[in-house]
Every structure is written in structure tokens, then in C-alpha cells.
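Following: one structure in C-alpha cells, then a few remarks.
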Amino acid sequence: MYLTSLKVGAAIHLDVDREGEKFTFPAKVESVSKDCLSLLYPYYCGSPFVFREEDKLAIRYMDGSQLLRWKVLRYETKHDGILSLLVLYTEERGEGINRRATYRVAVNEPMTIKPLVGDPVEVFVRDISLGGLGFTSDRSFEVGDEFTLKLATDDGEVRLDFRIVRVVVPAGNEKDFRYGAMFLSTENRILSRYIVERQRKELQRRRLEKGV
């Protein structure tokens, strides 16, 4: 898929990889050309995000069920009246990537999921990303089973419909099945903010442990 296939207003994500630390920012395309697009300058913890020389940037976009990424070759900041724009110069053509490669944040909390038919089930959600979640349960489900999870966030409750795409059967002394699931709808902005906030808290915890 070529960059020019993206339309103004399309929902994308800017991923920043900083020597093991990962940041992701939901955004919308403000302008786009053959090998360049612009978006509103990203904010982190209430302030403009400060990029570093070692940062590696990429644009991510969900086209139906396909996840695409463009590597950012260079970038610059421009001011359009009162707005600050981040201009990203990228490869012309995006590459398909594994949905599991999207940034995941640890959750490790019990939550209730509801099947299409039947009673709600309590599971243990291990992690979550923009593309799906991982959870464990002592209940046996099948690939293709669909559920709904109502996730509480600082921006309110968000409904997440998902389908199981991977099952790991317990072995040895393990008691729980491990499941990988894919969300049926994509680019949920409340979920994006939830992930960014979890990410921020995790980075703060790591810095405190390092005494930074």
C-alpha cells in the first residue's frame, strides 16, 4: 500500500522506539503526499514530546484486517498559524506487519468477559494492545469464539469485542489455558489513550527503580 492511499483525516499511530522504551501516539493525517505526511505535534504527559537523535520512528495504519507500517526516514517541525505540525518523511510504500508486533502493555488484572451466548466468565487479562489482548482462564474455549470485554478507563468505559485466534493448552503443572485474541474493531481512541497512560506509568516505575 502506498502512502498516498492514506486520506486526510485517516486515523494512524506514530510509534517511537527509544533504545528499548516504546511510545505510541494516536493521530490523524493532516496532509499527505508521495513520501511525506504531517500530523499535529504529539504531546506526552501534558507537554510536547521531546524527540531524541536515537529515536526510531514509524507510522502504523490498520487497513481492514491488515496492519501496515512506514519507516520514518527523517522528520521536522513546522508551524501552521497557532498549530505545530510534525512532518514525517517516509518510505513510499508500507510493509505489512504481524499484529502481535504492536506495542503491548501489561495489565495482570482479573476481568469479566461475556460470550455471545451464555453467562459472563471471569478471566485474568495479562496484556493488551491496540490489536488485541492476552488472557488466561481455567475454562476451555475454541479458536473463533467471540466475547465482549467492558474495559474501565479514565475516559470512561469502552466496549471491546474480540475473537480468540490462539490457544495454548496447559502442560505439566500449569492449570490455565493461555489465549490470544484479536479485536473485531480497530483504532479505538479511548483504548489508545488507555495504553499510553499505562505505558507512562510503567516508564515512571522503571525510572524510579533505576533511581533516575
Evaluate side-chain contact (heavy atoms from CB on, under 4.5 Å) for F135 paired with V107, printing each intermediate quantity in order. CA-CA 10 Å; F135 67 95; V107 177; over 6 Å; no
Side chain to side chain donor-acceptor pair (under 3.5 Å) filter on E30, not counting sequence neighbours, yields none
Considering residues at least two apart in sequence or located in another chain, which fulfil the salt bridge (charged side-chain N to carboxylate O under 4.0 Å, His left out) criterion with D138? none
Side chain to side chain, F147 and V123, heavy atoms closer than 4.5 Å: no
Heavy-atom neighbours of E142 CD exceed 12 at 6.0 Å: no
Let me check something: do V167 and L149 share a hydrophobic cluster, defined by ILVMFWY side-chain heavy atoms less than 4.5 Å apart, either directly or through other members? yes
Main-chain N/O of G134 paired with D127 side-chain donor or acceptor, under 3.5 Å: yes
Does anything in residues 167-177 form a salt bridge (Lys or Arg N to Asp or Glu O under 4.0 Å)? List the pairs, not counting sequence neighbours. none
Below 4.5 Å, heavy atoms only, C-beta onward: do L133 and F183 meet side chain to side chain? yes
Given side chains that start at C-beta, do those of L191 and I128 come closer than 4.5 Å, heavy atoms only? yes
So, do D154 and R193 sit near enough that their side-chain heavy atoms are less than 4.5 Å apart? no
L160 with F124, same ILVMFWY side-chain cluster at under 4.5 Å: no
Interatomic spacing from CD in E91 to CG in L3 - rounded to 0.5 Å: 10.5 Å
Any idea how W70 and Y61 line up, ring-wise: parallel (<30°), tilted (30 to 60°), or perpendicular (>60°)? tilted
Heavy atoms, side chains only, cut-off 4.5 Å: are F23 and D55 in contact? no
Could you give the distance from CG (D161) to OG1 (T148), rounded to the nearest 0.5 Å? 4.0 Å
By side-chain contact (heavy atoms from CB on, under 4.5 Å), which residues pair with P120, not counting sequence neighbours? T112, K114
Which value, rounded to the nearest 0.5 Å, describes the distance between L57 atom CG and L86 atom CG? 7.0 Å
Tell me, please, which residues at least two apart from K78 pass salt bridge (charged side-chain N to carboxylate O under 4.0 Å, His left out). E76
Hydrophobic clustering (ILVMFWY, side-chain heavy atoms < 4.5 Å, transitive) - are Y75 and I59 grouped together? yes
Same hydrophobic cluster for L85 and V32, using side-chain heavy-atom links shorter than 4.5 Å among ILVMFWY? no
Whether Y179 side chain and F141 backbone form a donor-acceptor pair below 3.5 Å: yes
Quick one, T136 and R178 - any side-chain contact, counting heavy atoms below 4.5 Å? yes
In this structure, CZ of R139 is separated from CG of D145 (nearest 0.5 Å) by 10.5 Å
I'd like to know if L83 and V29 are part of one continuous hydrophobic network [Ile/Leu/Val/Met/Phe/Trp/Tyr, side-chain heavy atoms within less than 4.5 Å]. no
Is there side-chain contact between V87 and T77, with heavy atoms separated by less than 4.5 Å? no
Looking at side-chain heavy atoms only, is the closest gap between I12 and R60 below 4.5 Å? no
Counting only N and O atoms by type, is there a donor-acceptor contact under 3.5 Å from the side chain of R163 to the main-chain atoms of L184? no
What distance do R159 atom CZ and L151 atom CG have between them, rounded to the nearest 0.5 Å? 13.5 Å
Enter the distance from R74:CZ to L88:CG here, rounded to the nearest 0.5 Å. 10.5 Å
Run the side-chain donor-acceptor check on residues 33-47: report pairs under 3.5 Å with partners two or more places apart or on a different chain.
from, atom 1, to, atom 2, distance (Å)
S33, OG, C36, O, 3.4
S38, OG, S31, N, 3.3
S38, OG, S31, OG, 2.5
Y41, OH, F49, O, 2.7

